[in-house]
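Values below: every heavy atom of this structure, side chains too, minus hydrogens, waters and symmetry copies. Order of listing sets the numbers, starting from 1, for every ligand and every atom in it. By convention here, the first residue in the shown sequence is residue 1.
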Amino acid sequence: MKYSVKNTALSQINSNIILVVFEGGVLSPAAAEFDQLSQGYLTQLIQVGELSGKQGQVLILRNVANCQAQRIFVVGCGKKDEITERQYKQIIQKAIQAVHDTQATEVVSFLNEVELKDRDVYWNIRFAIETIEASLYKFDAFKSKKTNESAVLNEVVFNVQDELQQNALLAIAHGQAIAQGVKSAKDIANYPPNICNPTYLAEQAQSLAQYSNLIKVQVLGEKEMAELNMTSYLAVSQGSQNEAKMSVIEYRNHPDKNAKPIVLVGKGLTFDAGGISLKPADSMDEMKYDMCGAASVFGVMQALAELKLPLNVIGVLAGCENLPDGNAYRPGDILTTMSGLTVEVLNTDAEGRLVLCDALTYVERFEPECVIDVATLTGACVVALGQHNSGLIATDEKLAKGLLNAAEQTTDKAWRLPLSEEYQEQLKSNFADLANIGGRWGGAITAGAFLANFTKNYPWAHLDIAGTAWLQGANKGATGRPVSLLTQFLINQVK
Ligand code: BES
Ligand code: MN
Ligand code: ZN
């Protein structure tokens, strides 16, 4: 989709127009202007009771006097001063769906006349772009009949006053880069696990080096990992025929070449059957999404390259597959991690932390400014927070605040969980330094507490996206979260 900014008189617009109207027949400025131009068309509709401005209402007007537009989409938004961000999202979805259904190719939007508490035009437009791209997303790579896309919407013009156009243009640049990152993350995640294996993830990573000359990619296979003593990571992969691959994506564009990098590490289990501690069959297919952390890191790196932010950032995709097999690792095995700490495996389904602990030790070599790992780590996090907030665990206050702030700015929500030292007690083992599970209670936190043993040399935060990375049921599919949150966090780091 093309997005642009203009400031055109209503009477001069000859394509299509989205106007907003509020409950009780309250007109937005552009709707009021249109009403005058059309000699009270909207006022009449309100009087006869056909236009209420209730949220969800969409009227399509054609052949209006003094107006060249093909169609005017009048969109009801609900009570003017009470519109929430969630409502605004629904309004955009409804409006865009209506435009899309008419096969219109261009629309001039006045959606930015919806006023939201504490949000400006920049926010309003950027959110609209992210919402539009998300609602038009389809994954039909494996459908033999593709949806017919002959005459569809290809340009949205935001009508904005001259003095706000710079803000609007920035919103478009940010919104498009983030939406593209979200789309890539969704695509990679939705690919089936027979195609999207660790090698496929590594190939995606390598393609980023083609995409931008600010990016260099290095892929470590099992041989390289063995040389680095990444025994814990490799143990998880032992039962799989697919080679584990860890991709290291280096983006360097900080004006100070030696500036310490921000490091993102994504859990990339392209399939998690649980291993010898096999998962139940129900919904096991969804464990193809156990690489959503890695997919989101990929999406962020792509957005970053698109925006050319003046930062140094390193993205790690920790690709691996967890399957039961004659050669698989077992409950009872004791692994020596790359850090030297030993771990007793009590459940082979708690594999994410075993992969991540070595990846988190590996990244010490970059002397990070901070490290953020992103992982579909625990079912317990979904039990605790549901599917709307990602779980945040951090050992650094400033980093935690920065991430929560970015979550609030983007509505890509996160909620912090406590990480006090008592939780470490649940990870005691009779035979090794640590056990890989911490018993029944506080599973999302004990998983984070496990990782904290490997992140002592830098400020660290962990995002558990088990509940937020994909949707279940009729709308099953990846969400691309938390690409938006993390890209916003990076935008905020630019001085
Ligand atoms: N990938 C899963 C976590 C998961 C489960 C994410 C369901 C989303 C939905 C992870 O590897 C796992 O299996 N975790 C176990 C840990 C347990 C054995 C301590 C879990 O959550 O059950
Ligand atoms: Mn598992
Ligand atoms: Zn897993």
Side-chain angles (χ1 to χ4, degrees), residues 189 193 196-198 201 232-233 235-240 244 265-296 317-324 328-333 343-359 373-391 393 417 423 426-429 434-451 462-473 476-479 481-482:
C196 178
N197 55 34
L201 269 189
S232 175
Y233 190 144
V236 175
S237 181
Q238 243 171 248
S240 171
V265 178
K267 172 177 173 183
L269 265 287
T270 59
F271 192 72
D272 174 18
I276 297 297
S277 316
L278 189 64
K279 286 185 181 293
D282 232 35
S283 308
M284 205 207 267
D285 67 291
E286 291 181 18
M287 281 300 117
K288 72 170 185 179
Y289 288 125
D290 211 17
M291 37 61 70
C292 281
S296 71
L317 315 186
C320 191
E321 186 175 43
N322 187 23
L323 295 178
Y329 79 134
R330 297 153 285 255
D333 284 1
V343 178
E344 183 186 14
V345 178
L346 293 177
N347 188 321
T348 63
D349 198 11
E351 85 299 336
R353 61 198 79 181
L354 296 175
V355 167
L356 288 173
C357 70
D358 278 352
D373 78 72
V374 196
T376 47
L377 204 60
T378 64
C381 188
V382 196
V383 174
L385 296 178
Q387 299 183 299
H388 307 297
N389 277 272
S390 301
I393 287 176
L417 301 171
Y423 294 98
Q426 287 175 247
L427 294 168
K428 286 202 166 129
S429 155
L434 286 168
N436 82 325
I437 54 173
R440 177 135 188 222
W441 311 118
I445 303 173
T446 52
F450 178 91
L451 295 177
H462 156 69
L463 284 167
D464 193 331
I465 58 166
T468 53
W470 74 91
L471 301 172
Q472 299 169 307
K476 193 192 277 185
T479 60
R481 291 177 67 182

Any side-chain heavy-atom pair of Ile465 and Ser390 under 4.5 Å: yes
Short N-O contact, Asp373 and Lys267, less than 4.0 angstrom: no
Considering only N, O or S atoms of Asp272, the one closest to the Mn ion (ligand 2): OD2
Within-4.5 Å side-chain heavy-atom neighbours: Leu471 and Tyr289: no
From Asp464, Leu417, Thr378, residue fulfilling side chain to side chain contact (heavy atoms under 4.5 Å, CB included) relative to Ile445: Leu417
The Zn ion (ligand 3) - name of the N/O/S atom of Glu351 that sits closest to it: OE2
Whether Asp349 has an N, O or S atom under 2.8 Å from the Zn ion (ligand 3): no
N, O or S from Gly352 under 2.8 Å to the Zn ion (ligand 3): no
Backbone or side-chain N/O/S of Glu351 under 2.8 Å of the Mn ion (ligand 2): yes
Side-chain touch Leu377/Leu451, heavy atoms, less than 4.5 angstrom: yes
Candidate pair Asp285 and Lys476, rule side-chain contact (heavy atoms from CB on, under 4.5 Å), full reasoning: CA-CA 11 Å; Asp285 67 291; Lys476 193 192 277 185; 2.8 Å; yes
Audit row: Asp290, Thr376, side-chain hydrogen bond (donor to acceptor under 3.5 Å, both in side chains) steps and yes/no: CA-CA 6 Å; Asp290 211 17; Thr376 47; 2.4 Å; yes
Contact residues of ligand 1, where a non-hydrogen atom lies under 4.0 Å away: Lys267, Asp272, Lys279, Met287, Asp290, Asn347, Asp349, Glu351, Arg353, Thr376, Leu377, Thr378, Gly379, Ile437, Ala466, Trp470
Flag side-chain contact, heavy atom, 4.5 Å: Pro331 against Leu346: no
N/O/S atom name from Asp290 that is nearest to the position of the Zn ion (ligand 3): OD2
N/O donor-acceptor pair under 3.5 Å between Asp358 side chain and Tyr233 backbone: yes
Minimum-distance N/O/S atom that Asp272 presents toward the Zn ion (ligand 3): OD2
